[in-house]
Amino acid sequence: MAETLFTGIAQLVTPAPGPQRGAAMRELARLENAALLVRDGVIAWVGAEKDAPKVSQTHDLGGVAVVPGLIDPHTHAIWAGDRLADFEARLAGVPYEEILARGGGIRSTMRATAAASVGELVHLARPRLEALLRSGATTAEVKSGYGLDFGAEVRMLEAVRELEATFPGTLAPTLLIHVPPTEGREEYVRGVCEELIPAVTARGLATAVDVFCEREAFTVEETRAILMAARARGLGVKLHADQFHALGGVELACELGALSVDHLEASGEGQVAALAASNTVATVLPGVTLHLGLPAAPARRLVDAGACVAVGTDLNPGSSPLFSAALALALAVRLCGLTPAEALTAGTVNAAAALGLRDRGALVPGARADFLALHSADWRDLVYTLGENPVRDVVVGGQHIKETTL
């Protein structure tokens, strides 16, 4: 039995375990001069340092604030190529349709990713995941979705599996059905349902299926068909919805009991009310608002209505080149109207719920011992600091992650 007592915690701050809704997202437990006992990778005890049990191995954190490890519930961390020309063209006022006509946009990422081997995809994704880990993300979802053809989608998920073997935290692989082909749309959807999802399930390559429900992507009925096929295979379901238009994707997510529905920049009062009445997590992605200049998702209204809100980076080459889970929370405070306490809850227990995970995100006995020691003695520096990493130490399963080698 391996056990370590972490002492020297000026301030231990945590949400309650499990998904938190509405005003409960602001209710954090704060313990001054605290200690935390880890036994075999799990939190065994939390309390005042003066009351700590006697153990043979201790680790003094030096008087800093400690919070749960962050959870990034929405990333596209595996891709090849870049979108730098697109970025420059967009800043010059070139419409996205013209960028696509020039061979850029998401189709350029799909071509580059489909041409890459599993080894090349792993090599490209490693530093991105290392950056997320350094920023505090001890668990991160990783989507496919840039392959289009089925073989490329499988290679992306195979790359996630290879990265999982060396990632110190947890990677949650998701099969993303991102955009339809330019021809043979009906056959493609049928193939996803009858070929791709069964093949991915048989090999255990994904834990969930996500569909982009949008005017330039999949219709509500196409999304329903794909997600029903995923549910029939025992996979979790989630959606990209309301990024540009409110087409009914949020309502479908609530109807199906999806784990999460993500983006929501175009959501209105009807969608807010639907989410508040459901168990589906509303995941907001402030990096997209910053990078594309879109209106922010209505996180403030969602919390006030009683919804369960999470925050993710949406790390991707086109709309959110955001490599920091901590910065995503800082942006959610500034752009989406969350309080610091709500942002911490959104990036921990609620983000875990968006991935169907209930064993992490809170510093309580029985939870995974994934936590962060900040540079500061005040936990609020996690969402206050910009341009510098507020995280000093990342601890996964009770083990310090000093230099990450994936």
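Just so it is clear, the values below take in all heavy atoms, side chains as well, and ignore hydrogens, waters and symmetry mates.
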S.K.: Are more than 12 heavy atoms from other residues, nucleotides or ligands located less than 6.0 Å from atom CD of Glu388?
M.R.: no
S.K.: Counting only N and O atoms by type, is there a donor-acceptor contact under 3.5 Å from the side chain of Glu195 to the main-chain atoms of Cys193?
M.R.: no
S.K.: Are Gln243 and Leu294 side-chain neighbours, meaning at least one heavy-atom pair lies under 4.5 Å?
M.R.: yes
S.K.: Given salt bridge (Lys or Arg N to Asp or Glu O under 4.0 Å), test Arg126 with Glu130 step by step and report yes or no.
M.R.: CA-CA 6 Å; Arg126 276 192 180 118; Glu130 287 174 348; over 6 Å; no
S.K.: Counting only N and O atoms by type, is there a donor-acceptor contact under 3.5 Å from the side chain of Ser278 to the main-chain atoms of Cys254?
M.R.: no
S.K.: Any chance you could measure Asp370, atom CG, to Gln399, atom CD, to the nearest 0.5 Å?
M.R.: 11.0 Å
S.K.: I'd like to know whether Gln57 forms a side-chain hydrogen bond (donor to acceptor under 3.5 Å, both in side chains) with Glu3, so could you lay out the CA-CA distance, the side-chain angles of the two residues, the decisive distance to 0.1 Å, and finally the verdict.
M.R.: CA-CA 7 Å; Gln57 183 170 321; Glu3 60 180 11; over 6 Å; no
S.K.: Is there a side-chain contact between Leu344 and Val13 in this structure, where contact means two heavy atoms from C-beta onward sitting under 4.5 Å apart?
M.R.: yes
S.K.: Could you walk me through whether Thr14 and Val67 pass the side chain to side chain contact (heavy atoms under 4.5 Å, CB included) test, one step at a time?
M.R.: CA-CA 6 Å; Thr14 181; Val67 297; over 6 Å; no
S.K.: Could you check whether atom CZ of Arg380 has more than 12 heavy atoms from other residues, nucleotides or ligands sitting under 6.0 Å from it?
M.R.: no
S.K.: After noting the C-alpha distance and the side-chain angles of Ser320 and Asp314, does the key distance pass the side-chain hydrogen bond (donor to acceptor under 3.5 Å, both in side chains) rule?
M.R.: CA-CA 6 Å; Ser320 184; Asp314 194 15; 5.0 Å; no
S.K.: Taking 4.0 angstrom as the limit, do Lys238 and Asp262 come out as a salt bridge?
M.R.: no
S.K.: Starting at OG1 of Thr207, measure out to CG of Leu355 and round the result to the nearest 0.5 Å.
M.R.: 7.5 Å
S.K.: For Phe212, which of His245, His240, His74 qualifies under ring-ring contact (aromatic ring centres under 6.0 Å, His included)?
M.R.: His240
S.K.: Quick one: side chains of residues 173-180, donor-acceptor pairs under 3.5 Å with protein atoms, not counting sequence neighbours, listed by atom name and distance.
M.R.:
{"residue": "Thr174", "atom": "OG1", "partner": "Glu141", "partner atom": "OE2", "Å": "2.8"}
{"residue": "His178", "atom": "ND1", "partner": "Gly145", "partner atom": "O", "Å": "3.2"}

S.K.: Main chain of Arg134, side chain of Asn389: is a donor-acceptor contact present, judged purely on distance under 3.5 Å?
M.R.: yes
S.K.: Where the side chain of Glu120 meets the backbone of Ser117, is there a donor-acceptor pair that is under 3.5 Å apart?
M.R.: yes
S.K.: Side chains of Leu37 and Val55: does their closest heavy-atom pair fall under 4.5 Å?
M.R.: yes
S.K.: Count the heavy atoms of every other residue, nucleotide or ligand shown that sit under 6.0 Å from NE2 of His400, and state whether that count exceeds 12.
M.R.: yes
S.K.: Got a donor-acceptor contact below 3.5 angstrom from the Glu214 side chain to the Phe244 backbone?
M.R.: yes
S.K.: Give a yes/no verdict on a cation-pi contact between Arg39 and Trp45, requiring under 6.0 Å between NZ or CZ and the six-membered ring centre and an angle within 45° of the axis.
M.R.: no
S.K.: Counting only heavy atoms not in Glu216 (residues, nucleotides, ligands), do more than 12 fall under 6.0 Å from its CD?
M.R.: no
S.K.: Walk me through it: do Thr170 and Arg360 pass the test side-chain hydrogen bond (donor to acceptor under 3.5 Å, both in side chains)?
M.R.: CA-CA 11 Å; Thr170 301; Arg360 66 199 71 196; 3.0 Å; yes
S.K.: Less than 4.5 Å apart, any side-chain heavy atom of Pro68 and any of Phe371?
M.R.: no
S.K.: Identify the heavy atoms of Val42 and Ala367 that sit nearest to each other, and give their distance.
M.R.: CG1-O, 3.3 Å
S.K.: Say you draw a straight line from CG of Leu5 to OG1 of Thr7; how long is it, rounded to the nearest 0.5 Å?
M.R.: 6.0 Å
S.K.: If you define the side chain from C-beta out and look only at heavy atoms, does anything of Val154 sit under 4.5 Å from Leu196?
M.R.: yes
S.K.: Count the heavy atoms of every other residue, nucleotide or ligand shown that sit under 6.0 Å from CD of Glu164, and state whether that count exceeds 12.
M.R.: yes
S.K.: Taking all non-hydrogen atoms of both residues into account, name the closest pair between Leu239 and Leu252 and its distance.
M.R.: CD2-CD2, 4.2 Å
S.K.: Tell me whether Asn279 at atom CG has more than 12 heavy atoms from other residues, nucleotides or ligands lying less than 6.0 Å away.
M.R.: no
S.K.: Measuring from atom OG of Ser144 to atom NE2 of His76, what distance do you get when rounded to the nearest 0.5 angstrom?
M.R.: 10.0 Å
S.K.: Before giving the answer on side-chain hydrogen bond (donor to acceptor under 3.5 Å, both in side chains), spell out for Arg392 and His375 the whole-Å C-alpha distance, their side-chain angles and the decisive distance to 0.1 Å.
M.R.: CA-CA 5 Å; Arg392 189 193 73 189; His375 287 287; 5.6 Å; no
S.K.: Quick one: does Asp378's side chain have a donor or acceptor within less than 3.5 Å of a partner on Asp381's backbone?
M.R.: no
S.K.: How far apart are the closest heavy atoms of Gly249 and Val220, and which atoms are they?
M.R.: N-CG2, 4.1 Å
S.K.: So do the side chains of Thr75 and Lys143 get within less than 4.5 Å of each other, counting heavy atoms only?
M.R.: no
S.K.: Below 30° counts as parallel, above 60° as perpendicular, anything between as tilted: where do the rings of Tyr188 and Phe150 land?
M.R.: tilted
S.K.: Please find the pair of heavy atoms, one from Leu302 and one from Ala282, that lie closest to each other, and give the distance.
M.R.: CD1-CB, 4.0 Å
S.K.: Can Glu98 and Arg102 be counted as an ion pair, charged N to O under 4.0 angstrom?
M.R.: yes
S.K.: Check whether any side-chain heavy atom of Val311 sits under 4.5 Å from a side-chain heavy atom of Pro286, and report yes or no.
M.R.: yes
S.K.: Can you name the residues that form a ring-ring contact (aromatic ring centres under 6.0 Å, His included) with Phe87, not counting sequence neighbours?
M.R.: His291
S.K.: I'd like to know if Asp304 pairs up with Arg300 as an ion pair, taking the criterion as any Lys NZ or Arg NE/NH1/NH2 lying under 4.0 Å from an Asp or Glu carboxylate oxygen.
M.R.: yes
S.K.: Quick one: does Thr113's side chain have a donor or acceptor within less than 3.5 Å of a partner on Met110's backbone?
M.R.: no
S.K.: Atom CG of Leu157 and atom CZ of Arg203: how far apart are they, to the nearest 0.5 Å?
M.R.: 9.0 Å
S.K.: Applying side chain to side chain contact (heavy atoms under 4.5 Å, CB included), run through Leu31 and Gln11 and close with a yes or a no.
M.R.: CA-CA 6 Å; Leu31 184 61; Gln11 193 181 67; over 6 Å; no
S.K.: Output yes when a side-chain donor or acceptor of Arg358 lies under 3.5 Å from a complementary backbone atom of Ala353, and no otherwise.
M.R.: no
S.K.: Quick check against the 3.5 Å criterion: does Thr280 have a side-chain atom that pairs as donor or acceptor with the backbone of Ala258?
M.R.: yes
S.K.: Could you give me the CA-CA distance, side-chain angles and deciding distance for Met25 and Asn350, then say whether side chain to side chain contact (heavy atoms under 4.5 Å, CB included) is met?
M.R.: CA-CA 9 Å; Met25 290 180 61; Asn350 285 5; 3.7 Å; yes
S.K.: Run the side chain to side chain contact (heavy atoms under 4.5 Å, CB included) test on Arg185 and Thr219 for me, step by step, so that the C-alpha distance in whole Å, both residues' side-chain angles and the decisive distance to 0.1 Å come before the verdict.
M.R.: CA-CA 11 Å; Arg185 182 186 187 111; Thr219 67; 4.0 Å; yes
S.K.: Could you state the interatomic distance from OG1 (Thr345) to CZ (Arg26), rounded to the nearest 0.5 Å?
M.R.: 10.0 Å
S.K.: Are any of the side-chain nitrogens in Glu221 or Arg224 under 4.0 Å away from the carboxylate oxygens of its partner?
M.R.: yes
S.K.: Could you check if a side-chain atom of Pro317 sits within less than 4.5 angstrom of a side-chain atom of Tyr146, using non-hydrogen atoms only?
M.R.: yes
S.K.: Please check: side-chain N/O of Gln20 versus main-chain N/O of Pro17, any donor-acceptor pairing under 3.5 Å?
M.R.: yes
